[in-house]
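Remember, it's 1-based here, ligands and their atoms both numbered in the order they're listed.
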Amino acid sequence: MDGNGRWAAAHGVTVAEGHRAGARALRRTVEAAIDLGIETLVVYAFSTENWQRPSDEVADLMVLLSETIDDELPDLAKQGVRTLFLGRRDRIEPWLQEKMSALETETAGLDTLRLWIAFDYGGRAEIVEAARRLIEDGLDPEDVDEDALAARLYAPELREIDLLIRASGELRISNFLLWEAAYAELVFTDKLWPDFDAGDLRAAVEVYAARQRRFGARAAT
Ligand code: IPE
Ligand code: MG
């Protein structure tokens, strides 16, 4: 969900306002995803690298997550949205960790759409953590294969990502879902995230639907 800062600059408002506009775009996008029949949506909200931002911006993002949990996600839960968090928990302040866990528990039975919020998430950190778990579990080297590692990622049930959308005109992955997106179709849009809407999501899904996926094999003739 990229481009909040540039959106804020373009509108002459604070970066915090840009992030708030981004949170509104998230709400809109989740509702659009429900309308399209999408079952699983992962959004990148805060990366392992974002801690390097100015401390007041980091604090604002923590408060914004808390406000989103209080104000937006209960409404989405009424529409059947199960929310889960993907990433490290140990660096997030305990009061916020508790809110995150409470929301996961409260929405655990819902199944219209599964919303994963990647927060203090990094693809490399996730793979390193999985490698550590392989060692902790005492696997023999010959038993280390893709299934064994994938089973130790943060959310093994996430499996493969089909479509990865990057907003704001940047053409990079930025450490998002490195393992899970190995064969994802990539779609880039110049829209800044706060301007992203249902039409943009639909357009990306249409581009995806027209792609031919071969997963490294020959296409059937
Ligand atoms: C939001 O956009 C992404 C977050 C880290 C919350 P940015 O804050 O990266 O916006 P730009 O890239 O400065 O425009
Ligand atoms: Mg950015």
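- Close N/O approach between Arg53 and ligand 1 is found [any backbone or side-chain N/O within under 3.5 Å].
- Checking Glu170 against the Mg ion (ligand 2), every N/O/S atom stays at or beyond the 2.8 Å cut-off.
- Distances from ligand 1 to the non-hydrogen atoms of Glu170 include no value under 4.0 Å.
- Within 6.0 Å of atom CZ in Arg89, more than 12 heavy atoms from other residues, nucleotides or ligands are found, so the atom counts as buried in its surroundings.
- Nearest non-hydrogen protein atom to atom 5 (C) of ligand 1 is Asn50 OD1, 3.2 Å.
- Closest to the Mg ion (ligand 2) among the N, O or S atoms of Asp2 is OD1.
- Note on ligand 1: Ala45 sits in its first shell, one or more heavy atoms being nearer than 4.0 Å.
- Contacts between Ser47 and ligand 1, counted as non-hydrogen atom pairs separated by less than 4.0 Å, are absent for every part of the residue.
- Listed by number with element, the atoms of ligand 1 under 4.0 Å from a non-hydrogen atom of Asn4 are 1 (C), 2 (O), 7 (P), 10 (O), 14 (O).
- Counting atoms of ligand 1 from 1 in the listed order, those under 4.0 Å from a heavy atom of His19 are 1 (C), 6 (C), 8 (O).
- A side chain to side chain contact (heavy atoms under 4.5 Å, CB included) with Val42 is found for one member of Leu115, Leu177, Leu84 and no other, namely Leu177.
- The proximity of Met1 to ligand 1, defined as any non-hydrogen pair under 4.0 Å, is limited to the backbone.
- Between Glu185 and Arg213 there is a salt bridge, with a side-chain nitrogen of the basic residue lying less than 4.0 Å from a carboxylate oxygen of the acidic one.
- Remark: minimum distance from atom 13 (O) of ligand 1 to any protein heavy atom is reached at Gly5 CA, 3.6 Å.
- Residue Gly22 places no heavy atom under 4.0 Å from ligand 1.
- Side-chain contact between Phe196 and Ile165 is present, with heavy atoms from C-beta onward closer than 4.5 Å.
- In terms of modelled atom types and a separation under 3.5 Å, the side chain of Arg27 and the main chain of Ala23 share no donor-acceptor contact.
- Ring to ring, Phe46 and Phe119 are close: their centroids are under 6.0 angstrom apart.
- The pair Arg133-Glu129 counts as a salt bridge, with a side-chain nitrogen and a carboxylate oxygen less than 4.0 angstrom apart.
- One finds a salt bridge joining Lys191 and Asp200 here, because a Lys/Arg side-chain nitrogen approaches an Asp/Glu carboxylate oxygen to under 4.0 Å.
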